[in-house]
Q: 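Have a look at this one.
Numbering of ligands and ligand atoms starts at 1, following listing order.
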Amino acid sequence: MEIFSSLETLPLSLFSCTLLLMLIMCVKWISFGSKNKRNMPPSPRKLPIIGNFHQLGSSPNRSLQILSQKYGPLMLLHLGSIPTLVASSAEAAQEITKTHDLAFCSRPSLTMPNILLYNSKSIAFAPYGDHWRQLKSLVVLKLLGNTRVKSYQKVREDEIGHMIRVLGESCGNIVDMGSIFGSLTNNIISRVALGRKLDGSKHKKLVSEFVNTFTVFSIGSYIPWLSWVDQLIGSVARAEKIAKECDELVESIIEEHVNKKKIEDGESNEGEDFVDILLDLQKDDTSAYTLQRDSLKGLIMEAFVAGTETTQTSLEWAMSELIKNPRVMKKLQGELSEIAQGRSVVSEEDVEKMPYLKAVIKEALRLHPPIPLLLPRKLMQDVKVMGYDIRGGTQVIINAWAIGRDPNLWEESNEFKPERFLNNSINYQGVQFVWLPFGAGRRSCPGVQFSVPIMEVALANIVYKFDMALPNNIKNEDLDMTETCGVTLHRRSPLLVLVSPRF
Ligand code: HEM
């Protein structure tokens with residue numbers, strides 16, 4: 001009887017199984033169809049496992065520019081297994097940083113920043129969310145706002161004065177301008193962030209190792225199932241060691257500040273550095289946001305990563321272009337002589353009357369944006385960009401370097417012509433999307449107001465006080481301008497010059 005009944009049900013279960021199978025196939029077919037109907041951006045052919053990595057070469061900004069000439073201003077690459085949208089035109093940049101800014105506002109999770117910056121608990125590599133929003137507005141308002149940046153004027157003047165004295169003592173000798181600018185930016189950031197210069201070469205070396213570790217390639221960031229390779233070759237262990245040593249350094253500096261505060265309690269807040277300000281904010285129980293210790297330390301270390309080499313590289317490129325273009329150098333010296341009128345120092349107030357100086361710096365940043373591909377973003381939901389369907393989770397790169405050299409946007413786009421920035425409205429907020437050295441939109445750089453006065457006043461004083469020539473009778477126009485990628489896009493060869501006083 002039992003056998004009978006089970007036999008009876010057999011055709012029925014076979015029927016339902018077949019029906020279920022057909023249903024699954026139908027759903028699959030429909031979803032495959034709709035996938036095919038998705039209008040994906042053009043993609044260069046990729047290789048198994050590594051995807052398009054082999055096409056980036058040693059100069060990704062240039063390789064991506066060349067690829068975009070073939071595949072268009074929006075292309076979809078695969079870096080390992082990570083789908084990566086590459087934007088190479090002003091229109092594409094505008095879509096990402098303005099039209100869909102919120103959707104494109106996150107950052108991908110990357111191994112090295114996670115190790116070095118307390119699991120990306122500071123700003124630059126934090127995913128979008130409450131934590132990032134609170135921290136960014138804290139930095140914009142309390143550390144890098146207008147009034148606060150003005151209060152660092154004394155530090156800027158001191159350190160630029162010191163740099164000019166060092167150059168004065170080096171007249172007649174060959175000077176490495178990169179190292180001069182490196183010391184300047186390091187000293188300024190150290191004094192503003194920590195309240196003092198880093199003592200001894202040991203700490204300077206540690207901080208420079210910390211900054212450089214950000215560029216150590218991590219295979220796990222792009223091919224997650226191969227992340228054990230990072231462990232095997234020791235890159236994770238090395239980064240962890242540097243992170244630990246830096247953490248100890250920042251902890252000791254915080255301790256110094258806590259002790260100093262106990263002594264100075266009740267005195268005025270003048271001359272406060274980042275650590276002072278952040279410690280005060282941590283104690284502020286009227287604020288709805290609690291600043292965690294790791295975020296505080298992350299912000300301090302991030303200032304070194306984000307602020308030193310970027311400003312140093314920009315100065316080095318601006319100086320290189322001035323040396324290579326004597327016509328521009330002469331015109332700038334003319335403006336400086338006219339405004340400074342024989343005074344020994346060019347002040348921050350003088351610089352406000354110097355449109356050509358400002359144009360020189362903007363033009364140098366156009367040709368040599370220190371972070372040529374900005375920082376990678378991550379799309380948080382599916383969106384349509386310039387008619388293409390882009391899936392949530394895609395990583396996004398904006399080739400600011402290529403946009404700055406786009407011949408459709410810039411006449412004689414590879415030439416150094418500061419005049420193009422006179423009488424135009426292109427400003428540091430990047431709202432025109434044709435010039436993006438500091439990015440644009442919610443994720444743009446909060447350090448603009450901090451670094452621009454350093455660049456302007458430092459360059460003004462050097463050019464006002466010294467003539468520069470290349471050693472070994474190298475002609476100015478033969479100066480090697482080859483670039484190489486590190487934390488920033490910097491000169492491959494050091495900028496060695498012979499300095500002589502102008503008066
Ligand atoms: C010449 C100097 C500098 C240049 C060219 C520069 C450039 C940039 C660029 C291109 C980005 C990425 C923007 C994007 O993804 O859209 C960025 C982000 C950032 N920069 Fe700067 N930067 C400079 C100086 C500074 C300084 C001095 C500080 C702080 C002391 C700073 C702090 C930051 C931070 C915290 C971010 C992350 C913003 C976020 O993710 O929301 N930068 N910078």
Q: Just by distance, with hydrogens left out, do R491 and S320 show a side-chain donor and acceptor under 3.5 Å apart?
A: yes
Q: Please name the pair of heavy atoms, one in L436 and one in A440, separated by the smallest distance, quoted to 0.1 Å.
A: CD2-CB, 3.7 Å
Q: Under 4.0 Å from any heavy atom of L375, which atoms of ligand 1 are there?
A: 12 (C), 15 (O)
Q: Atom 28 (C) of ligand 1: which protein heavy atom is closest, and how many Å away?
A: G447 CA, 3.7 Å
Q: So which protein heavy atom does atom 29 (C) of ligand 1 come closest to, and at what separation?
A: L144 CD1, 3.9 Å
Q: Can you name the atoms of ligand 1, numbered from 1 with element, that are less than 4.0 Å from a heavy atom of R377?
A: 16 (O)
Q: Determine the minimum heavy-atom distance between Y356 and L422, stating which atoms define it.
A: CD1-CD1, 4.0 Å
Q: Against R405, only a single residue in N399, N414, N61 fulfils side-chain hydrogen bond (donor to acceptor under 3.5 Å, both in side chains); can you say which?
A: N414
Q: Give me the residue, atom name and distance of the protein heavy atom closest to atom 34 (C) of ligand 1.
A: P446 CD, 3.3 Å
Q: Starting from atom 13 (C) of ligand 1, find the nearest protein heavy-atom neighbour and note its residue, name and distance.
A: R443 O, 3.3 Å
Q: Which is it for P370 and ligand 1 at heavy atoms under 4.0 Å: side chain, backbone, both or neither?
A: side chain
Q: Between S218 and D230, does any side-chain donor sit less than 3.5 Å from a side-chain acceptor?
A: yes
Q: Under 3.5 Å between any N/O of S451 and any N/O of ligand 1: does that happen in this structure?
A: no
Q: Just heavy atoms, cut-off under 4.0 Å: does S314 contact ligand 1 by side chain, backbone, both, or neither?
A: side chain
Q: Closest heavy-atom contact between L102 and Y128?
A: CD1-OH, 3.4 Å
Q: Just distances here: any N/O of R107 and N/O of ligand 1 closer than 3.5 Å?
A: yes
Q: Is E302 close to ligand 1, meaning an N/O of one under 3.5 Å from an N/O of the other?
A: no
Q: Could you tell me whether E256 and R196 make a salt bridge, using a distance below 4.0 angstrom between a side-chain N and a carboxylate O?
A: yes
Q: To check your reading of the model: name the closest protein heavy atom to atom 17 (C) of ligand 1, its residue, and the distance in Å.
A: C445 CB, 3.5 Å
Q: Considering only non-hydrogen protein atoms, determine which one is nearest to atom 9 (C) of ligand 1 and report residue, atom name and distance to 0.1 Å.
A: I371 CD1, 3.8 Å
Q: Between Y289 and H131, what is the ring plane arrangement, given parallel below 30°, perpendicular above 60°, and tilted in between?
A: tilted
Q: Measure across L184 and M163 and return the closest heavy-atom pair with its distance rounded to 0.1 Å.
A: CD2-SD, 3.9 Å
Q: Assess, by modelled atom type and distance only, whether the side chains of E209 and N212 contain a donor and an acceptor separated by less than 3.5 Å.
A: no
Q: Indicate yes or no: does an N/O atom of K136 lie under 3.5 Å from an N/O atom of ligand 1?
A: yes
Q: Have a look at ligand 1 and work out which part of F125, if any, has a heavy atom under 4.0 Å from it: side chain, backbone, both or neither.
A: neither
Q: Note the single closest protein heavy atom to atom 10 (C) of ligand 1, along with its residue, its atom name and the distance in Å.
A: P437 O, 3.3 Å
Q: Examine the side chains of N114 and S109 and answer whether a donor and an acceptor come within less than 3.5 Å of each other.
A: yes
Q: As a check for students: among A124, A306, P372, identify the option with a heavy atom nearest to atom 25 (C) of ligand 1.
A: A306
Q: What residue and atom, counting heavy atoms only, is the protein's closest point to atom 6 (C) of ligand 1, and at what distance?
A: F438 CD2, 3.6 Å
Q: Need the ligand 1 atom indices (1-based, order shown) with element for anything under 4.0 Å from a heavy-atom of F450.
A: 27 (C)
Q: So if I count the atoms of ligand 1 from 1 in the order they appear, which ones are less than 4.0 Å from some heavy atom of S444?
A: 38 (C)
Q: Answer yes if the side chains of S221 and T111 hold a donor-acceptor pair under 3.5 Å, and no otherwise.
A: yes
